[in-house]
Amino acid sequence: MRFFTLHERPARPGGDPEVLAVASGFRWWAAVVPPLWLLWHRLWLGFALYMLFSIVLGIALAIGDIADPAATAIGLAVSFLIGAGAADYRRWTLQRRGWRFGGVLRASDAAEAEALYIRNRGAGLTAAPPVADTPSSPLGFPPAVLPRGGSSDAFPRLL
């Protein structure tokens with residue numbers, strides 16, 4: 001079972017909204033073949049930035065006369081970072097394109113998550129309950145909870 005974020009494209013006149021489930025976690029295909037993964041998911045800006053970064057990195061490695069093992073380690077590290085952040089980048093791109101965040105579900109695959117969301121649409125699937133009876137900071141975040149002794153007891157004294 002995996003966690004999926006559900007995204008809903010606004011409905012076109014006379015039609016139902018389209019729903020897309022994006023699984024959380026590491027994306028192996030994005031790590032192994034980043035350009036193909038980016039193109040497959042129509043992430044054009046990510047593809048352009050990846051190609052620009054690859055060219056700049058290749059030039060920097062050539063100018064710096066970096067040894068092949070170090071260049072391989074840098075390439076593997078970049079691939080790992082791309083695989084780790086691929087789902088988040090896809091969510092960000094969907095939001096930028098006007099898709100609305102619908103909620104978070106746990107399901108065995110994307111089709112099941114989409115079916116559960118459509119069946120239970122409007123049932124409040126977003127998991128975070130509102131924080132009640134606590135004043136918020138000017139930025140809207142709940143205040144930090146400190147021990148009863150006040151802020152001086154929050155951290156031990158070192159001197």
Side-chain angles (χ1 to χ4, degrees), residues 1-131 136-144:
M1 299 286 273
R2 297 180 79 170
F3 285 99
F4 291 86
T5 57
L6 284 300
H7 303 271
E8 195 171 330
R9 184 191 311 225
R12 295 186 178 121
D16 290 333
E18 183 179 346
V19 175
L20 179 66
V22 177
S24 62
F26 191 83
R27 296 285 186 272
W28 285 103
W29 287 112
V32 174
V33 283
L36 295 177
W37 188 86
L38 290 165
L39 289 173
W40 179 263
H41 292 288
R42 299 180 8 208
L43 303 173
W44 313 123
L45 179 62
F47 177 74
L49 291 175
Y50 175 79
M51 295 307 291
L52 179 67
F53 179 77
S54 296
I55 292 168
V56 169
L57 182 64
I59 292 170
L61 292 175
I63 290 174
D65 199 28
I66 305 295
D68 286 340
T72 301
I74 292 170
L76 289 174
V78 168
S79 290
F80 175 79
L81 291 174
I82 289 172
D88 294 329
Y89 179 63
R90 188 168 179 211
R91 288 184 196 101
W92 177 76
T93 302
L94 289 172
Q95 180 185 10
R96 206 171 41 96
R97 290 180 182 162
W99 290 65
R100 186 182 62 81
F101 173 76
V104 177
L105 285 175
R106 188 169 181 197
S108 59
D109 61 359
E112 180 185 354
E114 291 169 0
L116 282 169
Y117 178 75
I118 290 170
R119 189 172 351 133
N120 299 320
R121 190 180 316 216
L125 295 176
T126 53
V131 178
S136 62
S137 70
L139 296 176
F141 296 111

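When a residue number appears, it is its place in the shown sequence, counting from 1. Note that the coordinates shown come from a computational prediction; the quantities given were computed from them, not determined experimentally.
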> Under the side-chain contact (heavy atoms from CB on, under 4.5 Å) criterion, do Leu20 and Arg90 qualify, and how do the steps go?
Replying inline: CA-CA 11 Å; Leu20 179 66; Arg90 188 168 179 211; 3.7 Å; yes
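- Interatomic distance, His41 NE2 to Phe47 CZ, rounded to the nearest 0.5 Å: 14.5 Å.
- Closest approach of Ile82 and Ala30 over heavy atoms only: CG2-O, 3.4 Å.
- Taking Glu18 as the reference, Arg9 meet the salt bridge (Lys or Arg N to Asp or Glu O under 4.0 Å) condition, with sequence neighbours excluded.
- Every residue meeting the ring pair (Phe, Tyr, Trp, His ring centres under 6.0 Å) condition with Tyr89, not counting sequence neighbours, appears here in chain and number order: Trp92.
- Considering only heavy atoms from C-beta on, Leu6 comes within 4.5 Å of Val19 through its side chain.
- Under the rule for a ring pair (Phe, Tyr, Trp, His ring centres under 6.0 Å), Trp99 has no partner lying at least two apart in sequence or in another chain.
- We find the CH2-CG distance between Trp44 and Leu39 to be 6.0 Å, quoted to the nearest 0.5 Å.
- Contacts of Glu8 classified as salt bridge (Lys or Arg N to Asp or Glu O under 4.0 Å), with partners at least two apart in sequence or in another chain: Arg100, Arg121.
- Rounded to the nearest 0.5 Å, atoms CG (Asp88) and OG1 (Thr5) are 8.5 Å apart.
- Annotation: the span from Ser79 atom OG to Ile74 atom CD1 amounts to 12.0 Å, rounded to 0.5 Å.
- If you take OG1 on Thr72 and CD1 on Ile66, they are separated by 12.0 Å, rounding to the nearest 0.5 Å.
- At a threshold of 4.5 Å between non-hydrogen side-chain atoms, the residues Phe101 and Leu94 do not count as touching.
- Side chain of Arg27 to main chain of Ala87: no donor-acceptor pair is present (N/O by atom type, distance under 3.5 Å, no hydrogens or angles).
- Partners of Trp28 under the ring pair (Phe, Tyr, Trp, His ring centres under 6.0 Å) rule, at least two apart in sequence or in another chain, are Phe26.
- Shown here for Gly25 and Arg2, the closest heavy-atom pair between the two residues is CA-NH2, 4.1 Å.
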Below 3.5 Å, can you tabulate the donor-acceptor pairs from side chains in residues 104-115 to any protein atom, sequence neighbours excluded?
unit_1: Ser108; atom_1: OG; unit_2: Glu112; atom_2: OE1; d: 2.3
unit_1: Asp109; atom_1: OD1; unit_2: Glu112; atom_2: N; d: 3.0
unit_1: Glu112; atom_1: OE1; unit_2: Ser108; atom_2: N; d: 3.1
unit_1: Glu114; atom_1: OE2; unit_2: Ala21; atom_2: N; d: 3.1

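- Summarising the geometry, atom CZ belonging to Arg97 is positioned 5.5 Å from atom CZ belonging to Arg42; distances are rounded to the nearest 0.5 Å.
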